[in-house]
Undergrad: 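Below you'll find the structure I mean.
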Amino acid sequence: MNPSLHAFLDRFGATGSLVCAIHCALLPLLLAAIPSLGLSAWLGDGFEMAFVMFATSVGIFSLVYGYRRHRRIRALGVLLAGLVLLWTGLLYGPWHHGSLALHAAVMTLGGTLIGIAHLLNLRHVHDASCAH
């Protein structure tokens with residue numbers, strides 16, 4: 001893969017994951033305004049599922065490729081921890097529909113971890129490709 005394409009994917013993935021984390025953090029604050037603002041399509045379960053699938057596919061593709069170049073497992077470990085939190089927060093009923101605060105916290109932490117994983121991967125790929 002072209003190194004500039006790989007760097008773009010990591011930056012794109014990190015940005016998407018951090019947008020996801022912001023979405024999850026702001027959801028409790030916007031919950032009362034959903035009906036009056038017409039935001040139910042943007043803040044609903046379908047949007048959340050699409051975001052988690054997006055984060056999963058970009059994260060796995062980009063970080064597995066990066067691992068093949070730099071052979072450091074740390075970024076993949078952080079990615080997997082973030083994905084476990086996102087998928088559990090989405091699919092485990094008591095966390096998804098039980099407590100809004102718990103759901104927001106789990107999803108925010110998961111999205112943040114995925115963003116951090118992409119940034120670590122960028123750093124590791126850069127270190128591996130440069131002769132410092």
Side-chain angles (χ1 to χ4, degrees):
M1 179 187 305
N2 181 342
S4 63
L5 176 61
H6 184 261
F8 170 76
L9 282 176
D10 272 325
R11 287 184 179 96
F12 188 67
T15 302
S17 298
L18 294 176
V19 168
C20 176
I22 291 167
H23 160 83
C24 294
L26 293 179
L27 181 62
L29 301 174
L30 297 175
L31 192 58
I34 288 173
S36 63
L37 296 175
L39 297 175
S40 59
W42 284 96
L43 300 174
D45 288 342
F47 179 76
E48 196 169 44
M49 176 64 84
F51 232 98
V52 171
M53 289 173 39
F54 166 77
T56 300
S57 59
V58 171
I60 289 174
F61 179 76
S62 182
L63 272 80
V64 166
Y65 174 77
Y67 174 76
R68 292 175 62 194
R69 290 195 60 204
H70 56 68
R71 300 288 184 206
R72 294 184 189 152
I73 197 79
R74 186 171 58 166
L76 273 175
V78 174
L79 173 74
L80 291 178
L83 289 177
V84 165
L85 285 172
L86 284 185
W87 282 104
T88 304
L90 186 65
L91 299 176
Y92 182 58
W95 285 11
H96 186 70
H97 298 291
S99 168
L100 183 61
L102 178 61
H103 177 71
V106 167
M107 299 300 279
T108 300
L109 181 59
T112 301
L113 286 175
I114 292 171
I116 290 169
H118 280 287
L119 295 175
L120 285 171
N121 195 49
L122 270 172
R123 181 176 172 204
H124 292 326
V125 168
H126 174 75
D127 291 348
S129 63
C130 291
H132 295 227

Undergrad: Roughly how far apart are Leu86 CG and Met53 CE, rounded to 0.5 Å?
TA: 13.0 Å
Undergrad: At their closest point, which heavy atom of Leu120 faces which heavy atom of Arg74, and how far apart are they?
TA: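 Reported closest heavy-atom pair: CD2-NH2, 3.6 Å.
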Undergrad: Is there side-chain contact between Tyr92 and Val106, with heavy atoms separated by less than 4.5 Å?
TA: no
Undergrad: Taking all heavy atoms of Thr88 and all of Val84, pick out the closest pair and write down the distance.
TA: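 Thr88 and Val84 have their closest heavy atoms at OG1-O, 2.7 Å.
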Undergrad: What pair of heavy atoms forms the shortest contact from Ala75 to Ala117, and how long is it?
TA: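 Nearest pair, atom of Ala75 first, then Ala117: O-CB, 3.4 Å.
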Undergrad: Do you know the tightest heavy-atom contact between Gly66 and Asn121?
TA: CA-OD1, 3.6 Å
Undergrad: Let me confirm one number: the CG-CG distance from Leu63 to Leu76, rounded to the nearest 0.5 Å.
TA: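 Interatomic distance, Leu63 CG to Leu76 CG, rounded to 0.5 Å: 5.5 Å.
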Undergrad: Distance from Phe54 atom CZ to Met49 atom CE, nearest 0.5 Å?
TA: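 Going from CZ on Phe54 over to CE on Met49, the span is 16.0 Å.
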Undergrad: Is there a donor-acceptor pair closer than 3.5 Å between any side-chain N or O of Ser62 and the backbone N or O of Gly59?
TA: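 Here the side-chain-to-backbone pair does not exist.
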Undergrad: Would you mind reporting whether Ile114 and Leu79 have side-chain heavy atoms less than 4.5 Å apart?
TA: yes
Undergrad: Considering non-hydrogen atoms only, spot the tightest contact between Tyr67 and Arg72 and give its length.
TA: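 What the structure gives for the nearest pair is CD1-O, 3.4 Å.
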Undergrad: In sequence, state the C-alpha distance, the side-chain angles, and the governing distance for Leu85 and Met107, and then conclude on side-chain contact (heavy atoms from CB on, under 4.5 Å).
TA: CA-CA 7 Å; Leu85 285 172; Met107 299 300 279; over 6 Å; no
